[in-house]
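Here's the structure we're looking at; comments come further down.
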There are 2 protein chains.
Amino acid sequence: MQVNSVETLLANSLAQSALSKKQQDVLKACLTLFAEQGYDRTTTADIAQLAGVSEGTVYKHFNNKREILDALLEPLKASVLPAVADEFVAETVNQHFASLGAALRFLISDRMRFVLDNRLIIRVFLQEVLVNADLFASALAMAKQRFVPAVLPMLVKFSQPQHPLTLESFRPIFGLMLTYLLPVILKPELQLDVDQATDQILAKVMPALEA
Amino acid sequence: MQVNSVETLLANSLAQSALSKKQQDVLKACLTLFAEQGYDRTTTADIAQLAGVSEGTVYKHFNNKREILDALLEPLKASVLPAVADEFVAETVNQHFASLGAALRFLISDRMRFVLDNRLIIRVFLQEVLVNADLFASALAMAKQRFVPAVLPMLVKFSQPQHPLTLESFRPIFGLMLTYLLPVILKPELQLDVDQATDQILAKVMPALEA
DNA sequence: CGATGTTAAGTGAGTCAGCACTCACCAAGG
DNA sequence: CCTTGGTGAGTGCTGACTCACTTAACATCG
């Protein structure tokens, strides 16, 4: 599976949308600036300057500043949560992993890489969530709705009869992933070795799942 | 130990500081508004209105809007991280717990309650972190510096000789706490049963720690 | 003890800078 | 020439901050 990075995501949606080079530059500049200083503290003058265009150009395609933010978050909502999730799920399900460990190793490292690659957009998204309130709930619900019913069954079939696996069984994995990912999201210039982190997570978590 | 809630924290620092009733109302209004709509989207008119004062009053004590934000975050930095942490540590260390499980149960539920009680300030803090960048690193460093050397030894002495406990041993606990706390921070009106969550965390985590 | 000065707390209309957004104009490609 | 993409000086509004004034609390003194 091609990793869906910000660049990929953005590039995809940029390629699809009939945006001129300069207008794509506007989006890229906004991603950088919004992630760095926040949406509210970024002026349209900032955007124009970093994108190397005039302020008028910024408004040629986008009717207002808010629409730029939406244009950035839209791939995250539209692609990442449903479409990419579907693609991801299809790929994943087709792999027919030999063991629970193998399946989890793939899932964990793939999703961590995803977050890592998209850290800037996720940062912007988080900023928005902290101000919007139920954006979070709907995103979480959407992710669950798409992700869980497709992935969970594949994992559950590895259950030992005496210890059936449920969604709750995988909470420690989410938690551990968070401990590795949060610092990187909050301070994007930090480094993270995904493979090493994945190994550490599996080492902590597999005994309990196999018991 | 008295739980250090926002109200407690704020009340403490409000009582200490020679702020008039109306000026305390300003701070309370700011906490609500900043947590809800964000610092940048809150106008001084909003603040004055919710606090039930004139805009002039807002500026009687605070030289600018930024100073109000600082006044709100200051207790979190000044009290929570060092002072309250010390107090917490002192209380904790004095308890001489019978077992690792007992110590962890106290620590986990106490810190979760703390986060829960302070969720509004923490929300505001998070917003700021996402825009400030190295605020996070310094906060994390400070917390580690204060918290770890005092608490960790107490926990480590429960180690089995063949399985020495380190800070890394407790990563799953942080992770699990995050899975319970993050939703509440992102959507403050959610409920959380701390005791139940603590039980669930311990159930998942104790086997690995005692092995 | 009223009268009077002094200070601090509070008010809200007013000011002014900064920023989102516009528009009249240009250039180039079909 | 018309369309599409681009320009940047200009505009109007919003929102942070000010200031001349009022009110209240309380010393100080004849």
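Note on naming: letters A, B, ... go to the chains in the order of the sequence lines (proteins, then strands), and numbering restarts at 1 for each one. In this text the structure is predicted, and so the values were computed from the model without any measurement.
Side-chain contact between A/L100 and A/L165 is present, with heavy atoms from C-beta onward closer than 4.5 Å.
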Side-chain donor-acceptor distances from residues 183-191 of chain A under 3.5 Å, at least two apart:
unit_1 : atom_1 : unit_2 : atom_2 : d
A/K187 : NZ     : A/E189 : OE2    : 3.1

Only pairs under 3.5 Å count here: list side-chain donor-acceptor contacts from residues 30-37 of chain B, not counting sequence neighbours, and write none if there are none.
unit_1 : atom_1 : unit_2 : atom_2 : d
B/T32  : OG1    : B/K28  : O      : 3.1
B/Q37  : OE1    : B/T42  : OG1    : 3.4

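Listed nucleotides: D/dC17, C/dA20, C/dT11. Nearest to the side chain of B/N64: D/dC17. For A/S54, the listed nucleotide lying nearest its side chain is D/dG6; candidates were D/dG6, D/dA16, C/dG10. Here the nucleotide nearest the side chain of A/K60, chosen from D/dG6, C/dC19, C/dG10, is D/dG6.
Contact annotation: side chain of A/K22 to base of D/dG6, donor-acceptor pair absent below 3.5 Å.
Atom-to-atom, CD of B/Q49 to P of D/dA16 comes out at 14 Å; the value is rounded to the nearest Å. Here the P atom of nucleotide D/dC19 and the CG atom of B/N63 are 13 Å apart, to the nearest Å. As rounded to whole Å, 20 Å separates atom P of C/dC25 from atom CD of A/E55. Atom CG in B/D46 sits about 8 Å away from atom P in D/dG15, given to the nearest Å.
At a threshold of 4.0 Å, the pair A/D110-A/R105 does not count as salt-bridged, since none of the basic side-chain nitrogens sits closer than that to a carboxylate oxygen.
Residue contacts for A/T44: at a heavy-atom cut-off of 4.0 Å it reaches a base atom on one of the strands shown.
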